[in-house]
Each structure stands twice: as C-alpha cells, then as structure tokens.
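Just follow the structure's listing: the first ligand is 1, and inside any ligand the first atom is 1.
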Amino acid sequence: MTEWQKSNWRSLPRVQMPDYTDASALNAVEAQLSKYPPLVFAGEARRLKSQLAAAGRGEAFMLQGGDCAEAFDQFSANAIRDTFKVMLQMAMVLTFGAKVPVVKVGRMAGQFAKPRSAPTEVIDGLELPSYRGDIINDLAFTPEARIPNPNKMLQAYTQAAATLNLLRAFSTGGYADVHQVHQWTLGFTEGEKAAKYRDMSNRIQDALDFIKAAGVTGDQAHTLHTVEFYTSHESLLLEYEEALCRQDSTSGKWLAGSGHMIWIGDRTRQPDGAHVEFARGVLNPVGLKCGPTTTAEDLKVLMAKLNPANEEGKLTLIARFGAGKVAENLPRLIKAVQEEGAKVTWVCDPMHGNTIKSASGYKTRPFDSVLREVREFFAVHEAEGTIPGGVHFEMTGLDVTECTGGVREVTDEDLSDRYHTACDPRLNASQSLELAFLVAEELVARREHAAAVANG
Ligand code: PEP
Ligand code: CO
C-alpha cells in the first residue's frame, strides 16, 4: 500500500459527494478551513479509542446517539442541552443494567452531510437534485437551494465548534452532576405499562441516594459531577474532512480534527473507494456500518485496511440489518471477524434497517422494530459467544413525533404533529429513555445468564 496522505482519496472513485461547480469558491473555503483550529485533539481521540476497546471486551458499553442530520435552522442551546440530557439519562439506565461504564458519543457537532438513496427527488412532476445535508445544499425544494455551495462548510464548522463548546461546558460545568440530571419519571408517571420503568428508576434513585448519603469525596465526587462526552459523525464530505485533518505533534500521526470518532456509511464503504482511503489514515477510532449487502470478503478487506495493526478500539462495526434480518446476516460477519482474528467492537444501529413509509406518507420507524432488532443483536451475540458492545440511535431530546409506538404511543396519525427531522425519523426523548430501559433489561438478563452458566 502506498504511504497515506490526507489528499490521496482525491484520485479514487467517490460516491455520494457533490460536484461543486465553482472550483475557486471551493478552493477558497478549503484554504480557510485548513487554517482553522481542529475541533478535537489527538489525546481525546486516543482516550475514546481505549474506551471503545473496553466496550469490545465487554468492560464498557457504548451509547452513540443524536440527529440523523444536524440542521442550521434547528441549531439552539436548548436542543443541544435536551439531547445531551437524555443521553445522560439513558447512560445512567444502561450503566445500571450493564454494571459497566457507558461510553457516551453524540452524533453531534459535525453530523451534517447525508448519503441519499437516490440522486434526485421528484415532487409534483418536478425533478431536482436530492438534499444532501446542510453542509452541502438546502432542504427547500427549489433549483437554487439544491445547488451544492462550498461556503456552507464554513457555517457547519462554526455550528460544530459552538455545539462542542456547549457540550464541553455541560460536561464539566456542573450540568452533568448525576444528582441533578435525572428526572427519572420523565414521561413515565402514569400507566400500567410504565410501572416496570418506574420500578427500575426507583432502584437507580435509591443507589444514587445511598452514594450521596455515604458522602463520596475527592476524586470520586468529581466523577459524579463531570462526564466524558465525545462527538462523532459520518465522514462523508471529504473536502471538509481533509481540511480539518491535522498532524499530531507528539506522534506524527494524522488526526481527523472534525470529531472524536468518524464512521463510514453503508453507501460509501467500497474497499477501493475514496471514503475508505481517507479513513484508513487517521488515528481516530473509526466506525464501519455493516448492512445486509456487506459481504464477508469485503469485510475482511475493510478490516485489514481500516485497522492494519489490529488495534483494539480502533474499529467499531455498526450492524444495521433491520428487524428480522439479524440472524441471517450477523453470524456470517462474526465468522469473518473470527477467521481474521480481528479485534472489533460490535455495536447495533437498529434505525437504518427499519425505515418504512407510514400510511400517512411520512418516513417513520416503528418502536417495536427498533427494539426487536436490538434484541436479535443481543441474541446472536449470546449464541456466538461474542460481545455486544453498544447501541447507536437516531434520537433527540425534543418531543417530536417521528417514530411510531412507545409507551406514550405515537400513532401514524400523530406523525404530522411534530415531524421536524431534516432527514431520517428520530426517537423522541420518551422513546429514547424507554429503549434504554429495555436495553438495560437485556443486559441484566445476559449478566444473570452468564452468572448462572459460571455457577454451573
Ligand atoms: C446514518 O447513520 O444516518 C446513515 C445514513 O446510515 P447508513 O449509512 O447505515 O445507512
Ligand atoms: Co439516518
């Protein structure tokens, strides 16, 4: 393999990227971004890598979540705070279930570029280029809005920097104090179906009260007041990624400075394509989406390229097959991993294989399908003796109506009420927390099963 350079991807086949028409405007933006500070530092990316390594060994559990697409017009402190808060609540529930630390990674501060299933979109007979995320073009359905504009990269950088700044403030400024964060009753105050969530909430609350009463001091108190929170996004718009790529002065290695973790999407994982080429050279932990069309052969090549040193925590495989399809797909990929002796962290994305069109015409995801895929993911790992290392959700802390179902049932008819996503449907705050409870239940069951096996 030739020596990696951050611009080598340019000579390889690329998909899902815009063809900018104004080359000088593009060059000017790239030159400007190249001079801006990176958003993250190498030490942070390494630290996340070591935590993902722990998740791969079953000594931690990853929670990755956030918008499908961050949008310029939905950018607000409250939206960031609410998603951050729900993720902390979910993490608390999952910690209780898994009895291991939860590694919190937002799909935030950079999740702007979107791959699309079709290059164009037709509405009322008018055909226009697809919307590709706010970093590329506009959602409005006009010919002008859909022209890719490189200047939008600068606005994305600014929004990412401000988002990360607020996340860092929340993480260390007292907002993340475990004693403050939880309002465990969130949405689950009434109803028989919610009783089991209330029960678990009470047990968590008891544990927290005990810790408080026992008077935790010093370093331990610090851990309860601050939280580590990382950012991630799909590394799709490679001009942006390259412009933020920086050489780490201590190791000489290259850092994707756009976020702590980047991932490669299901549509851009061609082993000889531009996206894999870029990702293979950075020191950050890298995610790889694995779908029904991922072959064992491709996976082997991809693992060798993306993690040549077989470093733990470097590569996270994000399985997204769809409910009912995990049992036929995951075992063959687990086998490929085992045949290579590859070190990977397995994470379940139960969103992208479960998108349907509702009767009312909205793109949605039934809560039950999301849950079913998570359960199938756990069951296959149990059967194979491998480790389910985490979950990956499209979610928001806002009270949207984009996915159907949940204990506070969203119906097909409700979808039009508060359907705000710029791309795929997200779990709302209540659905996200409910899912965390149900995943925690799975984790408890696994621990109990493992303990029973160990005790003969
Ligand atoms: C996404 O995560 O928003 C996405 C497009 O996923 P995938 O590449 O798995 O379809
Ligand atoms: Co999505």
Side-chain angles (χ1 to χ4, degrees), residues 14-17 62-71 74 83 105-119 130-136 139 156 231-238 241 258-259 261-271 273-276 278-279 286-295 298-299 302 306 315-323 325-326 329-330 333 346-357 362-366 369-370 373-374 377 390-396 400 402-403 419-428 431-432:
R14 65 180 83 173
V15 290
Q16 297 284 349
M17 286 173 65
M62 181 199 206
L63 170 65
Q64 191 172 20
D67 288 329
C68 178
E70 288 175 289
Q74 289 178 36
T83 300
V105 185
R107 284 176 63 113
M108 291 169 110
Q111 178 50 27
F112 292 104
K114 298 309 299 174
R116 303 314 303 262
S117 41
S130 294
Y131 167 65
R132 292 187 173 277
D134 277 7
I135 196 172
I136 293 171
L139 186 56
T231 61
S232 66
H233 62 270
E234 178 171 349
S235 170
L236 184 68
L237 185 59
L238 296 179
E241 301 299 335
S258 57
M261 174 183 187
I262 56 171
W263 76 81
I264 301 173
D266 195 45
R267 293 172 186 78
T268 53
R269 56 172 159 71
Q270 299 74 24
H275 292 88
V276 169
F278 178 79
V286 169
L288 175 69
K289 293 286 194 104
C290 297
T293 60
T294 304
T295 63
D298 273 2
L299 181 59
L302 287 166
L306 294 170
L315 185 60
T316 296
L317 300 182
I318 309 169
R320 34 86 77 220
F321 301 114
K325 296 194 197 133
V326 182
N329 285 291
L330 186 52
L333 298 186
W346 281 107
V347 166
C348 174
D349 164 3
M351 312 304 294
H352 288 89
N354 292 309
T355 317
I356 58 166
K357 199 166 185 165
Y362 285 91
K363 209 157 73 150
T364 191
R365 290 163 171 155
S369 308
V370 171
E373 178 159 1
V374 177
F377 176 81
V391 283
H392 178 125
F393 299 134
E394 284 187 347
M395 49 162 285
T396 170
V400 298
E402 298 171 4
C403 293
Y419 195 96
H420 300 309
T421 181
C423 194
D424 291 338
R426 301 162 293 181
L427 299 165
N428 62 27
Q431 290 167 330
S432 301

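Between Met351 and the choices Val391, Asp424, Leu427, the side chain to side chain contact (heavy atoms under 4.5 Å, CB included) rule is met once, by Leu427.
The Co ion (ligand 2) has Cys68 among its coordinating residues (N/O/S atom, backbone or side chain, under 2.8 Å).
Under the side chain to side chain donor-acceptor pair (under 3.5 Å) criterion, Glu394 pairs with Arg107, His352, Arg365, not counting sequence neighbours. For Arg269, the side chain to side chain donor-acceptor pair (under 3.5 Å) partners are Asp266, Thr293, Thr294, not counting sequence neighbours. With sequence neighbours excluded, no residue forms a side chain to side chain donor-acceptor pair (under 3.5 Å) with Gln270.
Arg132 and Gln16 form a side-chain donor-acceptor contact under 3.5 Å, judged by distance and modelled atom types alone. No side-chain donor-acceptor contact under 3.5 Å links Glu241 and His275.
Ligand 1 is surrounded by Cys68, Arg107, Lys114, Pro115, Trp263, Gly265, Asp266, Arg267, Lys289, Arg320, His352, Glu394, each with at least one heavy atom closer than 4.0 Å.
In this structure a side-chain-to-backbone donor-acceptor pair under 3.5 Å is present from Glu373 to Gly322.
Geometry note: the Co ion (ligand 2) is the vertex, Glu394 OE2 and Asp424 OD2 are the arms, and the angle is 140° (rounded to 10 degrees).
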